[in-house]
Amino acid sequence: MWLLPSFRAALAWALLSLVLGSELSLQESLLLKSLGLSAKPSPRAPIPVPSVLWRIFEQRRTLPAADGAAEDGCSVEEFNVPGNIIRVFADRGHFLHEGQPQGGLCLQKLLYFNLSVLEEDELLTMAQLEVRFSHSSYQPSGQGQLFELRLYQSSHLALQGQGRKLLLEQSFAQLHKSLLFNLSTVAKDWRTLGRNLGLVLEISMSSSEAAASRGLQSPCGSISSFLDSSLLVVSLSPQQCKASRSKRSAQRPRGTGSALCKPRRLYISFSDVGWENWIIAPQGYLANYCLGQCPFPLAAELNGTNHAILQTIVHSMDPKATPQPCCVPVRLSPISILYYDNSDNVVLRHYEDMVVDECGCR
């Protein structure tokens with residue numbers, strides 16, 4: 001069938017676009033899988049980024065590279081525990097009473113955190129529960145304690161008040177903006193299939209205050225400042241951890257004047273690849289790439305292997321039969337990325353081999 005040249009060109013471009021689109025989609029899927037994601041996230045109701053994650057992210061980004069002070073990628077200095085992934089899980093539970101609970105009980109809520117996104121090879125090293133209030137809502141007038149907080153490990157009978165295991169209790173005379181509790185042991189137990197039945201949070205008046213407030217307006221009204229709760233989990237993914245990584249160079253590529261093999265400047269903007277909706281920070285980073293020739297004789301600064309040196313010798317004698325060695329990355333360094341995952345959880349993850357620091361002939 002005879003086709004006009006312009007139509008043949010348009011058809012060829014359309015077919016090429018389909019092939020390229022399919023290849024790009026496959027490459028994106030493979031990269032997202034390496035980042036621990038099943039698909040490109042589309043946050044629907046993202047939670048605010050906790051200040052602690054911003055603080056850790058900024059610390060990692062601003063650490064000077066030349067003095068060797070950078071973290072090895074396998075530990076979180078903020079909590080002094082091993083880990084290269086930090087997730088903040090939003091509470092998916094619900095209140096157990098409609099309206100104001102009766103008696104001295106001010107608040108009763110089922111807390112549930114879906115930890116199923118943790119991969120099988122991840123080692124959970126820390127879990128910290130944060131109970132947040134919108135403000136410090138009560139100023140104590142005396143020395144007595146006003147509120148008592150209790151946290152129970154839930155069971156099938158927990159809603160009836162039976163079979164619960166008391167994990168911790170704390171008395172306080174003022175509602176702080178945040179209360180923090182270490183739940184590492186409990187969260188590790190949840191990794192077993194079917195063990196995560198949640199927690200029951202109770203806040204009540206102390207017995208003395210309850211007796212003193214009979215017939216008066218209940219101080220439980222202060223609990224209206226209860227905001228929400230979340231679970232911060234630190235885990236270690238051994239496959240993405242390189243404890244013996246060499247120090248990162250402070251130097252960066254400077255233009256492309258030389259034809260020899262060396263790092264060239266490449267800035268990757270996440271908005272250019274359509275990832276700006278779920279990556280919180282950074283907006284992009286200097287990734288770099290390797291380009292250049294590996295000529296004979298192979299100079300020492302080209303980081304050539306013995307094989308590459310011999311290959312350049314053979315190439316110099318018969319260029320058509322043997323190609324020059326290739327210019328490839330020989331040292332890469334990591335970056336940290338703050339993003340929303342497929343469950344709208346906030347994640348701070350340390351990714352190896354993201355920045356080209358040195359190139360060599362191979």
Side-chain angles (χ1 to χ4, degrees), residues 20 23-24 26-28 30-32 34-35 57-74 84 239-276 279 281-337 349-362:
L20 291 176
E23 288 296 324
L24 285 173
L26 175 61
Q27 291 297 313
E28 183 181 56
L30 292 174
L31 181 57
L32 290 172
S34 71
L35 301 183
F57 174 79
E58 290 295 333
Q59 288 172 350
R60 290 183 173 182
R61 189 177 66 170
T62 57
L63 279 174
D67 62 2
E71 292 185 81
D72 61 12
C74 305
N84 52 8
Q239 294 181 351
Q240 297 179 358
C241 173
K242 296 182 180 180
S244 59
R245 175 171 49 84
S246 59
K247 295 178 182 179
R248 180 171 174 174
S249 172
Q251 299 179 351
R252 285 292 178 266
R254 297 181 182 177
T256 58
S258 173
L260 296 179
C261 173
K262 69 175 184 179
R264 315 287 171 154
R265 182 183 176 88
L266 171 63
Y267 181 82
I268 294 180
S269 170
F270 290 125
S271 62
D272 289 344
V273 295
W275 288 7
E276 73 278 9
I279 291 185
Q283 295 180 348
Y285 75 102
L286 193 62
N288 305 326
Y289 68 99
C290 293
L291 181 68
Q293 299 178 7
C294 298
F296 173 82
L298 203 60
E301 59 267 21
L302 295 180
N303 297 314
T305 60
N306 290 335
H307 178 275
I309 293 173
L310 291 172
Q311 185 174 336
T312 59
I313 296 175
V314 175
H315 170 78
S316 67
M317 295 185 294
D318 190 355
K320 293 183 179 180
T322 305
Q324 283 186 341
C326 297
C327 181
V328 298
V330 296
R331 187 159 65 88
L332 300 102
S333 55
I335 65 170
S336 293
I337 301 179
R349 193 161 185 162
H350 188 82
Y351 291 108
E352 295 287 345
D353 301 338
M354 295 289 284
V355 178
V356 173
D357 285 329
E358 288 185 10
C359 300
C361 294
R362 296 292 187 266

Taking only residues two or more places apart in sequence, or in another chain, which ones meet [X] in a side-chain contact (heavy atoms from CB on, under 4.5 Å)?
X: Gln283; answer: none
X: Leu310; answer: Ile313
X: Asp272; answer: Ser269

* Approximate separation, where rounding is to 0.5 Å, of Asp353 CG and Ile335 CD1 -> 11.5 Å
* **Straight-line distance of Ser336 OG to Met354 CE, nearest 0.5 Å** => 10.0 Å
Over all heavy atoms of both residues, which pair between [X] and [Y] is shortest? Give the atoms and the distance, please.
X: Pro329; Y: Val356; value: CG-CG2, 4.0 Å
X: Arg264; Y: Gly292; value: NH2-CA, 3.9 Å
X: Pro282; Y: Ile337; value: CD-CA, 4.3 Å
X: Cys290; Y: Glu358; value: SG-O, 4.3 Å

* Asked: Who are the side-chain hydrogen bond (donor to acceptor under 3.5 Å, both in side chains) partners of Thr322, not counting sequence neighbours?
  -> none
* All side-chain hydrogen bond (donor to acceptor under 3.5 Å, both in side chains) counterparts of Tyr351, not counting sequence neighbours -> Tyr339
* Asked: Taking it one step at a time, do Trp275 and Leu32 satisfy side chain to side chain contact (heavy atoms under 4.5 Å, CB included)?
  -> CA-CA 11 Å; Trp275 288 7; Leu32 290 172; 4.0 Å; yes
Is there side-chain contact between [X] and [Y], with at least one heavy-atom pair below 4.5 Å?
X: Gln311; Y: Pro323; result: yes
X: Pro263; Y: Asp357; result: no
X: Arg362; Y: Pro325; result: no

* To do: Given side chain to side chain contact (heavy atoms under 4.5 Å, CB included), test Val355 with Leu286 step by step and report yes or no.
  => CA-CA 7 Å; Val355 178; Leu286 193 62; 5.8 Å; no
* Please name the residue in the list Cys294, Cys326, Cys327, Cys261 that meets the disulfide bond (SG atoms under 2.5 Å apart) test with Cys361. => Cys294
All N/O donor-acceptor pairs, side-chain side in residues 297-309, below 3.5 Å, sequence neighbours left out:
from: Asn303; atom 1: ND2; to: Cys359; atom 2: O; distance (Å): 2.9
from: Thr305; atom 1: OG1; to: Ala308; atom 2: N; distance (Å): 3.1

